[in-house]
Protein chains: 2
Amino acid sequence: MVTLEDVARHAGVSLATASRVLNGSSRQVGRAMRERVEKAAAELGYRTNVAAQTLARGASDVIGLVVHDLVDPYFAAIADGAMRAADARGHMVMVGTTHRDPEREIAYVSTLHAQRVRAVLIAGSRVADAAVTDRLRAELGRYRETGGRVACVGQDLLGVATVAPANREGAADLARALAALGHTRFAVLAGPPHLVTAIDRRTGFTEALADLGLPEPQIVYGSFDRGGGHTAVQEVADATCVFAVNDVMAVGALAALRERGVRVPDDVSVAGFDDIATLRDLTPALSTVRLPLADMGARAVELALSGDHGDPPVVAGVEGRVVLRDSVRRLR
Amino acid sequence: MVTLEDVARHAGVSLATASRVLNGSSRQVGRAMRERVEKAAAELGYRTNVAAQTLARGASDVIGLVVHDLVDPYFAAIADGAMRAADARGHMVMVGTTHRDPEREIAYVSTLHAQRVRAVLIAGSRVADAAVTDRLRAELGRYRETGGRVACVGQDLLGVATVAPANREGAADLARALAALGHTRFAVLAGPPHLVTAIDRRTGFTEALADLGLPEPQIVYGSFDRGGGHTAVQEVADATCVFAVNDVMAVGALAALRERGVRVPDDVSVAGFDDIATLRDLTPALSTVRLPLADMGARAVELALSGDHGDPPVVAGVEGRVVLRDSVRRLR
DNA sequence: GACGATCAGGAAAGCGATTTCCAGTATGGC
DNA sequence: GCCATACTGGAAATCGCTTTCCTGATCGTC
């Protein structure tokens, strides 16, 4: 294992000089010395020991990212955006996947804290459970006290910088767009009753319908994934249009409808939320609300890294845009 | 920032004892002392400084993972499997995405080496370019010389432990299955001409056809992604069955065919490779060769972590299983 | 009851960088 | 030409933890 000291000795300079040449310092080093050190480092195949560097500097160049599930394209897209942004700033990303277990979320924050990562990004929707949210907040608080930076993608519940998609407004826009097509009898595949993202999308949708003077939609709860959509849609009684609170659920719903021989959009229209790129080739093409997921991940990195420590937490709103495709039809 | 020394002082014990209690050691500590230390740590909110620990121990608990693109569900699935396995062994995962740039792949290995990660996993297909592969191999060699462990998911080209899917055999099996349905005129959307995975799948397919005495298929090269399939399929002249060397390309092909009003499978059959879970709800359902992607990621972790350093590199073969679905039809 | 073996606790030497001083040398203004 | 000023290079302290010895005590055995 080649150390900086080996390099310094080989180049015939001091440790200090070698450090200044190789690992970025504000101090200048004369040209002759610089070249000798660089040559020595190359010859010996020196690699900085980041652990030592982190210890000495008191800060690492790693960013922690906590997501629910990388296989879910929603999180994959956010992670991708975050990693690009991190990379552009010379950071590496450590990822933890919780598979929707809030305890693991807390555990990961703790682990990332121990790693002394520069910032922690938390993506994914919170459950409206005060106790567990409080514990997460406490864990984040301890991390922030020691200089850690935190940003969140999702809801502004943690008291930290947040990239907040306009779930309510997006769902409301979608409701209005669908109503404009002539639909009046709706069903909402609403996901888990206590998941904040799901709640926001459901209420945004239903409130917009109420404002339009339309009848209340049928609400069917279920899980937040494909299976949830698949199961829930089977309980829909009579509706001309089904809104699933995310695209993956909508895909499950489409599959279930197809299995039962219900035609989309002829017999029933279907819409989702997120506009997952991987799902754009479905037939019929899914109507949805587009969220700039990769941008959201990148924004979260910027938010976490920028801003002074005492600043009040920033909330960056992100708008959704309604995209109507073949999965919905005009009525009458 | 609470240090171990603070905890030791607070508990009235030595640094050594505190270390043994809190950060796992083979040595026993008496019950009374242990409890005092644990209490002190809890009261002070102590978090191990992993950088210091890594420096002192000379090894970290982090595993590095290099993939092309997390948004590609193929890599997402592998990453997910790897992360689960890593987690089960108490490791965290640092991810780098290369977006198919071999230079970045090398750069990431270097960075991960600097991080002194316990193991590096490289997923994704290699380009048949000896120069760049040699440089990657050299970089990995330097890492391994200092005790680093490496495993690869894909081809056995790097001289390291490898999880190698049976691309040739899988493609050959698929060719035979399709031929058994009565198809004789094939086209292969072959991806990049120098990508090893693409080459293996293409040749496995064509060789099986040759063995059956069937005419040579039309080969159309292109990129390895959705766009590549979308573009390439438009050059297919006359074939009753199109094989895309991965599912994502097959999806692009399906989209292009649909746009042109070509019906699948009535006018032409389509098959892919990988069996990406996210894509299972396409219509028509895609025929493909199933690879246990998550298992492959997990296997790679095991391979990297197990085995003594002097051992010859293990190659763990992984079989693919042909899955015929609605996207292909029986001819005659 | 003595002796070697076993074991719990502590002092201190690293691990491999960064960074603060300090000293010595060039530079510039007058 | 002289003094204050800037720079460059080096010695050494430091970051927080692990681990090797070392010491003293407890234990079991003959």
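Chain A is the first sequence line, chain B the second, and so forth, proteins listed ahead of strands; every chain is numbered from 1. Side-chain atoms are counted along with the backbone in the values below, which use heavy atoms only and exclude waters and symmetry mates.
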What N/O pairs connect the protein and nucleotides 20-25 of chain D at under 3.5 Å? Give each pair on its own line.
unit_1, atom_1, unit_2, atom_2, d
dC21(D), N4, R27(B), NH1, 3.3

Side-chain donor-acceptor pair under 3.5 Å between Q155(A) and S125(A), yes or no?
no
For L4(B) and dT19(D), what is the distance between atoms CG and P respectively, to the nearest whole Å?
13 Å
Side-chain N,O (T3(B)) to OP1/OP2 (dG16(D)) below 4.0 Å:
no
In this structure, how many angstroms lie between the P atom of dT18(D) and the CG atom of L22(B), rounded?
9 Å
Indicate, with a heavy-atom threshold strictly under 4.0 Å, whether S19(A) touches base, sugar-phosphate, or nothing.
base
Short side-chain N/O contact to dG10(D) OP1/OP2 from T17(A), under 4.0 Å:
yes
Measure from CE on M33(A) to C1' on dG10(D) and round the result to the nearest Å.
10 Å
Look at atom CZ of R116(B) and say whether more than 12 heavy atoms of other residues, nucleotides or ligands are closer to it than 6.0 Å.
yes
Considering just the side-chain nitrogens and oxygens of N23(A), establish if one lies under 4.0 Å of OP1 or OP2 belonging to dA17(C).
no
Interatomic distance where CD belongs to Q28(A) and C1' belongs to dA26(C) [whole Å]:
15 Å
Using every non-hydrogen atom in the two residues, find where R47(A) and A114(B) come nearest and quote the distance to one decimal.
CB-CA, 4.5 Å
Heavy-atom closest pair (R149(B) atom, Y143(B) atom, distance to 0.1 Å) is O-CE2, 3.4 Å
Could you tell me if the side chain of V62(A) sits less than 4.5 Å from the side chain of Q115(A), heavy atoms only?
no
Protein-nucleotide distance (R31(B), atom CZ; dT26(D), atom C1'), rounded to Å:
19 Å
Closest approach of S60(A) to R118(A) (non-hydrogen atoms, all atoms of both residues)
O-NH1, 2.6 Å
L65(B) versus L121(B): any side-chain heavy-atom pair under 4.5 Å?
yes
Protein-nucleotide distance (E5(B), atom CD; dT18(D), atom P), rounded to Å
13 Å
In numerical order, the residues of residues 47-58 of chain A whose heavy atoms come under 4.0 Å of DNA chain D are L55(A), A56(A)
Quick one: D61(A) CG to dA17(C) P, roughly how many Å, whole number?
15 Å
Provide the closest heavy-atom pair for Y46(B) versus V2(B) in the form atom of the first, atom of the second, distance.
CD1-O, 3.6 Å
Provide, to the nearest angstrom, the distance between the CG atom belonging to L15(B) and the P atom belonging to dG9(C).
15 Å
With side-chain contact (heavy atoms from CB on, under 4.5 Å) as the criterion, how do V196(A) and L157(A) come out once you've worked through the C-alpha distance, each side chain's angles and the decisive distance to 0.1 Å?
CA-CA 10 Å; V196(A) 178; L157(A) 290 177; 3.8 Å; yes
